[in-house]
Protein chains: 2
Amino acid sequence: MTNPTLKKIAETLGISVSTVSRALKKHPDISAATRQKVLDLAQILDYEPNASAVQLRTRNSKLFGILVPSISNYFYESFIAAIEEDGRKNGYSIIILQSGNDPEIEQENLKLFRQNRISGLFACITPQTKDLAGFDKLRELETPVIFFDKIPPGQQVQAVCLADSAAGEMAAEAILHKKKKKVLALFGDRQLLITQKRMQAFTQTLTENNHTITLQTVHTCSSEEARVQTNRFLADKTNRPDTIFCMSDEILIGAMKALQENNLRPPTSIAVIAISNGFIPKLFYPEITYVETSGKQLGELAFARMLQCMERPLPPEEIILGSRLVEGGSL
Amino acid sequence: MTNPTLKKIAETLGISVSTVSRALKKHPDISAATRQKVLDLAQILDYEPNASAVQLRTRNSKLFGILVPSISNYFYESFIAAIEEDGRKNGYSIIILQSGNDPEIEQENLKLFRQNRISGLFACITPQTKDLAGFDKLRELETPVIFFDKIPPGQQVQAVCLADSAAGEMAAEAILHKKKKKVLALFGDRQLLITQKRMQAFTQTLTENNHTITLQTVHTCSSEEARVQTNRFLADKTNRPDTIFCMSDEILIGAMKALQENNLRPPTSIAVIAISNGFIPKLFYPEITYVETSGKQLGELAFARMLQCMERPLPPEEIILGSRLVEGGSL
DNA sequence: CTGCGAACCGCAAACGTTTGCGCAATCCTT
DNA sequence: AAGGATTGCGCAAACGTTTGCGGTTCGCAG
């Protein structure tokens, strides 16, 4: 079985294809009578326009692309979910491709996006991405590209970002406010812009106005490493930190495991604060206090920006999404 | 700027469009010399075939659809990630839509899939889905539909499923093996086939050969409810369960929170076992013992099945993915 | 009766590919 | 040298839409 086409409808009704086409989209040129006939038959035959043909003709695919390192990540998921939802409301479908943090796959994916003539792209680049040619090609085709989260440094592009500096600052302030003395701060890969920003703001806020606080900083690239490092610091009974700051969910997971190993439960034995999307902190009791970085909100922001860009070209701009402190009880 | 087309290449080279087309796909009719010329120019111009045109002509969209209740879920994510990865290797892109567990949106999404003439669909239906017409329409168009995880009951369809019964049985056996006496079992929505299967196998295995064990069963529809219920049972100090079984990750989250509230740490004070995809159990120390239901493996299985179905029509079959016990230390 | 503007509708081209078929030129056979 | 086979390429139709332009049929005013 094959799908009914305009032609089929036209033939059985004894009218022309163009009339059918116009009737279906309620063009004023078509009389109410024939329009109804067409609509009825289309209903009966389950007519559904062939998207490829429409795309080919109108040069509008009604497809958005999303490029992420991995889809299995609460932050990206909620970002994607938001785009998908807003997209659906606006008649767009989304194609998702994951780069696996491999620049080569990223290039391949960009090619697929171009071939599908997507109407717009939401992209989170890999840390190793140096060559933006693939993205530039899209822009040459007047396809808006909105970078999010991990964005190419020092480029004039459209981007929506989390308030990395502000989040780091906010976490530090919360710690200061609770008059903590000895902070262990766990950060991620120091190559990443996001790490640098969060760390810079955090350490500066924590130390500049306060000389009684001591800060120990560690970089880890995985949950497991975070766990091991935390354990190492907890082993030093005489000089144990009274607060742990985790830059990300991944790190928080490792740190929390270490705490459980040592039978420590916040906030009494030790305080914990993180920057997080909010899923992991709510798995523990008491829930972990965190500075929120909402993937959903970022997705909504990115989508709104996308719509604007599609109406008229916009000057490159980096929009920052504010963050807020969510009190959990661990600080 | 617009993308170069076959025509453009043909004109600048002074040859015909069909020759260009054939040269690009290394058709033997074309001489090595002209083929090379075409390839070179295509390279320079950054030629990329227009997917819509190809789709229209070949009636093959090279697109797979995935329909899930929500993308923000570790199980679905890993399923999707697997499909995406295998798909990319085979030249397919995927288009993802989420139903939000709303049958109406599900219908809308199916329409989008049909309009995009997807080559195949992976679908996880909502619990309320009664009307399969939308899916049937796809099948009438010879678009294979592979149901996964939540499948329409009592239908002749292609489906890949987790070994729900086997998983329930396996968990029960592990509990028996440890000679536990008093089990609290937390299950999900009793409407769901998955709940029924897991519960039936679990309770039967646990009780049929053993009269000294007592089993208390609870149904909950959310993490929070699971937490409250668990708390209720833990409050009864004299008759407290020595083991908690959680049918799903969602429930495990709630139960673990309750344990933490009561300052109980497995396995000494109480034992815990779950059926899970493996992410949540590894967040705790000791890690939770679980019967694995791998979204990744299920995705790979589904994809393989899809490829088979596309080669030749296959009789409806429900394929079950085996599960295994992953010892964490909580039992 | 002529002319004119609505109201409706069809023609045909175009979007960018793929592919069956045909045709010319070249090659190999005996 | 003559016949057939092979090589290399182009023509044109088709996939299913959209849309500018034009054409016909009215009604109605002049």
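In what follows, every heavy atom counts, from backbone to side chain, and hydrogens, waters and symmetry copies are set aside. Every chain is numbered from 1 and lettered A, B, ... according to where its sequence line falls, protein lines coming before strand lines.
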In whole Å, I'd like the distance from the [atom1] atom of [X] to the [atom2] atom of [N].
X: B/K8; N: C/dG16; atom1: NZ; atom2: C1'; answer: 12 Å
X: A/K26; N: C/dC9; atom1: NZ; atom2: P; answer: 15 Å
X: A/L13; N: C/dC9; atom1: CG; atom2: P; answer: 11 Å
X: A/R59; N: D/dT19; atom1: CZ; atom2: P; answer: 12 Å
X: A/Q115; N: C/dT17; atom1: CD; atom2: P; answer: 10 Å
X: B/L6; N: D/dA14; atom1: CG; atom2: P; answer: 20 Å
X: A/K62; N: D/dT17; atom1: NZ; atom2: C1'; answer: 16 Å
X: B/K7; N: C/dT17; atom1: NZ; atom2: C1'; answer: 12 Å

Pick out the pairs of N or O atoms, protein on one side and nucleotides 4-9 of chain D on the other, that lie under 3.5 Å.
from, atom 1, to, atom 2, distance (Å)
D/dC9, OP1, B/S31, OG, 3.4
D/dC9, OP1, B/T34, OG1, 3.3
D/dC9, OP2, B/S31, N, 2.8
D/dC9, OP2, B/S31, OG, 3.2
D/dC9, OP2, B/T34, OG1, 2.9
D/dC9, N4, B/D29, OD2, 2.9

The residue, B/G14 or A/T5, whose nearest nucleotide of DNA chain D is more 5′ is B/G14

Name each donor-acceptor pair under 3.5 Å that joins a side chain in residues 13-23 of chain B to protein atoms two or more places apart or in another chain, with its distance.
from, atom 1, to, atom 2, distance (Å)
B/S16, OG, B/S18, N, 3.4
B/S16, OG, B/S18, OG, 3.0
B/S16, OG, B/T19, N, 3.2
B/S16, OG, B/T19, OG1, 3.0

Do [X] and [Y] pair up side chain to side chain, a donor and an acceptor below 3.5 Å, judged on atom types alone?
X: A/S70; Y: A/N101; value: no
X: B/N277; Y: B/S78; value: yes
X: A/D40; Y: A/Q36; value: yes

Show every side chain to side chain donor-acceptor pair (under 3.5 Å) that has at least one partner inside residues 41-51 of chain A, sequence neighbours left out.
A/D46-B/K137, A/E48-B/R114, A/N50-A/S52

Carboxylate-amine/guanidinium proximity below 4.0 Å for A/R139 and A/D136:
yes

Can you give the donor-acceptor pairs under 3.5 Å from side chains of residues 310-321 of chain A to other protein atoms, not counting sequence neighbours?
from, atom 1, to, atom 2, distance (Å)
A/E317, OE1, A/R305, NH2, 3.0

For the ring pair A/F148 and A/F122, is the centre-to-centre distance below 6.0 Å?
no

Please list, one pair per line, the donor and acceptor atoms closer than 3.5 Å that link side chains of residues 85-97 of chain A to other protein atoms, with sequence neighbours excluded.
from, atom 1, to, atom 2, distance (Å)
A/R88, NH1, B/E108, OE1, 3.3
A/N90, ND2, A/D86, O, 2.8

A/S18 side-chain proximity, nearest of D/dT19, C/dT19, D/dT17
D/dT19

Going by heavy atoms closer than 4.0 Å, what residues in residues 39-56 of chain A are next to DNA chain C?
A/L56

Has B/R117 got a side-chain N or O lying under 4.0 Å from the OP1 or OP2 atom of D/dC15?
no

